[in-house]
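See below for the structure under consideration.
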Amino acid sequence: MPLFIPAIFPIMPSTVALLGIAIMSCVMSASVLASLLRADVRGVPRWCAAYGLAAIGIVFVWADKSLPPQVGTFAAHTLFLLGGLLIAQGTREFFGRRAVSRVECVAVVAIFLAVIVLTYVEPNLDARVALTSAYFAYVRVAIGWTALRYRPRQRPKYNYYFLAIAAFVGALVHVARSVTYGFGFDHQAAFLDPSPLNVAFLGLGILSFPFLSIAMVMLAHDRLAERLERLATVDELTGALMRRAFVERAEAMIAAARVKGTPLALAILDIDNFKNVNDQYGHAAGDRALAHFGTTMLRSVRAGDLFGRLGGEEFAVLFPATHEAEALQLTNGLRAAVAAAPCAQTPFTFSAGVDEFGAGDTLAEVMARADAALYTAKALGRDCVAVASPDDEPDQRVAQPG
C-alpha cells in the first residue's frame with residue numbers, strides 16, 4: 001500500500017482534480033439548462049443533452065483505469081464527439097437556422113472512424129488528441145460565428161458577444177492543443193498525462209465549459225425576456241402594437257421628426273359595422289376578422305410605419321417622413337389591400353381619417369382631428385378615407401373605392 005499511494009499522488013492535484021471540476025461544471029450546466037426546458041426555447045434541449053453527454057464522457061475518462069484497456073477513453077471520445085455536434089446544432093437551432101448539417105454529420109462519422117483506428121488498429125494518442133482538438137475548435141468557431149452572424153439586431157449585444165468571445169477563446173485553446181500534438185512539439189504519454197503543458201490545456205478547456213453554459217443561459221433568458229416584452233407591447237390577436245406601446249413609440253417618432261424637420265402624418269382606422277360581424281357570426285368570427293385584418297395590415301404597411309391597435313376595432317398608423325396627401329394615398333392603398341383580401345365568411349371594410357402634424361401639434365391633438373375625419377368617412381358611406389382640414393373641421397378630400 002505505501003508503494004501504491006506515491007504512485008497516484010502526483011496526478012491527484014492536477015489532471016484528476018481538473019476532471020472532478022469538469023464533471024461538476026457539466027452537471028451544473030446541464031441542470032440549469034434543464035430548468036429552462038419547459039420554457040420551450042429552441043436549442044436548449046440540445047445544449048442540455050450536450051452537457052449531459054460531456055459529464056458522462058468525463059466519468060469514463062476518470063474510470064478508464066478500472067475498465068478494459070482503452071474502453072473508457074474510447075467511450076469518452078464518442079460522447080464528446082456527439083456532445084460537440086449537439087451543442088453546435090443547438091446554437092444554430094436557437095438562432096432559427098437549420099440545425100442539422102449533412103456535411104457536419106459525415107465529418108463526425110469520419111472522425112469517429114479515425115478515432116477507432118488511432119485507438120485500436122494503429123494506436124497513436126498524439127494524432128488522436130490532435131484530431132479531436134481540431135474538431136472541438138471547429139465546434140467553438142461554429143458557435144461563435146453563428147452568434148455574431150445571426151444576432152438579433154434589436155436585442156442587447158452583450159449576451160451574444162459574450163457567447164462569441166467564450167467560443168472563440170475556447171477555439172484558440174483547442175487549435176493550440178491540436179498543433180502542439182499534431183506537429184510533434186510535445187508528446188502525450190497518456191490522456192491524463194500530468195505534464196505541465198497537458199494540465200494547462202485541460203485546465204483551459206475545462207474553464208471554457210462554464211463560460212459557454214453561462215452564455216447559453218443568458219441567451220435563453222434573453223429570449224424569454226423578448227417574449228415578455230412582446231406580450232406587453234404587441235396585441236396577440238392582431239400583431240399590432242398595443243395602445244400604450246403605440247403612443248410611446250409615436251411620441252419618440254414625433255420628437256425625432258421635429259429635430260430633423262421631416263413631416264409626419266397619422267391615420268385612424270375603424271372596421272366598418274364590426275358590431276354586426278359579432279352579432280351575425282359570433283365573437284369567434286369577430287376575432288378571426290380582427291386577426292385577418294392585422295395580418296393584412298402588417299403585410300401592407302411600409303417598413304418604417306407604426307401600426308397600433310387603439311382598442312376594439314379601432315387602429316392607427318403613423319407615417320414617418322410623409323405629408324398629408326401621400327398619407328391619404330397610402331391609407332387608401334391599405335383600404336384597397338384589405339378589400340382585395342377578404343376574410344373568409346366575414347368580409348369587411350374599414351374607414352379612416354388622416355391628418356398631418358403641424359408645428360407644436362401633440363399626438364392627442366392630431367389623433368382627435370384624424371378621428372373627426374374618420375367620422376366624416378363613416379358619414380359618407382364608409383369604406384373610404386377622409387382628410388382633416390387645417391381649421392380642425394374635416395374637409396371633403398376623400399379617397400373612395402374606384
Side-chain angles (χ1 to χ4, degrees), residues 19 22-34 36-37 41-64 67-68 70-95 97-120 125 127-147 163 166-167 170-171 173-175 177-178 191-192 201-202 205-206 208-213 215-217 220:
L19 290 180
I23 291 173
M24 289 188 292
S25 174
C26 289
V27 169
M28 291 174 62
S29 298
S31 300
V32 173
L33 289 167
L36 298 171
L37 290 176
V41 176
R42 290 181 301 186
V44 168
R46 280 187 164 93
W47 288 341
C48 183
Y51 279 101
L53 290 176
I56 298 171
I58 296 170
V59 171
F60 272 110
V61 172
W62 202 344
D64 186 54
L67 300 171
Q70 299 294 340
V71 170
T73 302
F74 175 73
H77 276 79
T78 302
L79 293 172
F80 292 157
L81 289 174
L82 291 175
L85 183 64
L86 284 175
I87 208 166
Q89 290 178 348
T91 302
R92 287 194 292 268
E93 184 182 15
F94 176 86
F95 287 98
R97 316 307 298 174
R98 189 176 67 176
V100 179
S101 166
R102 292 183 181 179
V103 174
E104 195 174 73
C105 292
V106 170
V108 170
V109 171
I111 294 172
F112 175 75
L113 295 175
V115 169
I116 293 177
V117 172
L118 295 173
T119 302
Y120 297 109
L125 180 58
R128 192 175 68 201
V129 170
L131 178 64
T132 54
S133 292
Y135 167 73
F136 295 132
Y138 160 76
V139 170
R140 299 301 180 90
V141 170
I143 292 171
W145 183 86
T146 302
L163 174 62
V173 173
H174 285 293
V175 167
R177 191 169 188 239
S178 180
F191 189 74
L192 294 183
F201 280 135
L202 288 176
I206 289 168
S208 68
F209 278 136
F211 282 102
L212 270 183
S213 63
M216 289 168 179
V217 171

Nearest 0.5 Å, please: how far is [atom2] in [Y] from [atom1] in [X]?
| X | Y | atom1 | atom2 | answer |
| --- | --- | --- | --- | --- |
| I143 | I87 | CD1 | CD1 | 4.5 Å |
| I23 | W62 | CD1 | CH2 | 5.0 Å |
| S213 | M216 | OG | CE | 8.0 Å |
| W47 | S29 | CH2 | OG | 12.0 Å |

In chain order, what residues pass the side-chain contact (heavy atoms from CB on, under 4.5 Å) check against [X], with sequence neighbours excluded?
| X | result |
| --- | --- |
| E104 | L85, A88, Q89, R92, S101, Y138 |
| F95 | T91, R97, T146, A147, Y150, P152, Y160, L219 |
| I111 | L81, V115, L131, Y135 |
| A110 | none |

Atom CZ of F60 with >12 non-hydrogen neighbours under 6.0 angstrom: no

Close side-chain approach of V41 and L36, heavy atoms under 4.5 Å: no

Beyond-backbone contact of T132 with F80, side-chain heavy atoms, under 4.5 angstrom: no

Test item: T119 side-chain N/O and I116 main-chain N/O as donor-acceptor pair under 3.5 Å: no

Compare every heavy atom of [Y] with every heavy atom of [X], then report the nearest pair and how far apart it is.
| X | Y | result |
| --- | --- | --- |
| G57 | A76 | O-CB, 3.2 Å |
| A50 | G83 | CB-O, 3.3 Å |
| A55 | V27 | CB-CG2, 4.0 Å |
| P45 | L37 | CA-CD2, 3.7 Å |
| R140 | G170 | NH1-CA, 3.4 Å |
| A167 | G144 | CB-N, 3.7 Å |

Distance-only polar pair, side chains of T73 and R128, donor-acceptor under 3.5 Å: no

Residues forming a side-chain hydrogen bond (donor to acceptor under 3.5 Å, both in side chains) with S133, sequence neighbours excluded: R177

Partner of E93 under side-chain hydrogen bond (donor to acceptor under 3.5 Å, both in side chains), chosen from R98, R46, R42: R46

Plane angle bin for F136 and H174 - parallel if under 30°, tilted between 30 and 60°, otherwise perpendicular: tilted

Sole candidate of L79, I58, T78 that passes side chain to side chain contact (heavy atoms under 4.5 Å, CB included) when paired with L53: L79

Pairs satisfying side chain to side chain donor-acceptor pair (under 3.5 Å), at least one member in residues 106-118, at least two apart: none

